[in-house]
Amino acid sequence: MNRRTALLAVGEWLVWWAALTLLWLVLISTVDTLEWVVGATAAAVTALAARAARRAVNWR
C-alpha cells in the first residue's frame, strides 16, 4: 500500500466515523461522556466495516 492509498483509506474511515458518530449523537436523548465514548467506539468499528464492505463491492 503506497502513501496516497493509505491517506485515502484513513480519510474515508474518518468521514465514515464522523458521520456515524454524529448520527449516534443526534439519535440519543442525553449526551454525556459515557454515551459519547460508546457512540464513538461503535462508530469506529462500523466505519471499518463500511469501508471493508465498500472495498468488497468494488474489488478490482
Side-chain angles (χ1 to χ4, degrees):
M1 179 182 284
N2 64 24
R3 185 178 191 134
R4 182 175 184 270
T5 305
L7 286 174
L8 287 173
V10 170
E12 179 183 357
W13 181 85
L14 281 172
V15 168
W16 274 111
W17 176 80
L20 291 167
T21 300
L22 180 63
L23 179 64
W24 175 274
L25 293 174
V26 167
L27 293 177
I28 62 174
S29 59
T30 59
V31 181
D32 61 0
T33 304
L34 181 59
E35 288 289 338
W36 196 93
V37 170
V38 169
T41 303
V45 173
T46 308
L48 188 63
R51 185 176 188 293
R54 192 195 61 77
R55 286 200 57 190
V57 170
N58 294 331
W59 187 258
R60 297 178 192 178

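Owing to the predicted nature of the structure, the values given are computational and were not obtained by experimental measurement.
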Shared hydrophobic cluster, Ile28 / Leu34 (ILVMFWY, side-chain heavy atoms < 4.5 Å): yes

Check residues 18-26 and write down every donor-acceptor pair under 3.5 Å in which the side-chain atom is one partner and the other belongs to a residue at least two apart or another chain.
residue	atom	partner	partner atom	Å
Thr21	OG1	Trp17	O	2.8
Thr21	OG1	Trp17	NE1	3.4
Trp24	NE1	Glu35	O	3.2

Value rounded to 0.5 Å, distance of CG in Leu48 from CD in Glu12: 10.5 Å

Set of residues satisfying side chain to side chain donor-acceptor pair (under 3.5 Å) with respect to Asp32, sequence neighbours excluded: none

Gap between atom CG of Leu14 and atom CZ of Arg51 - 0.5 Å precision: 11.5 Å

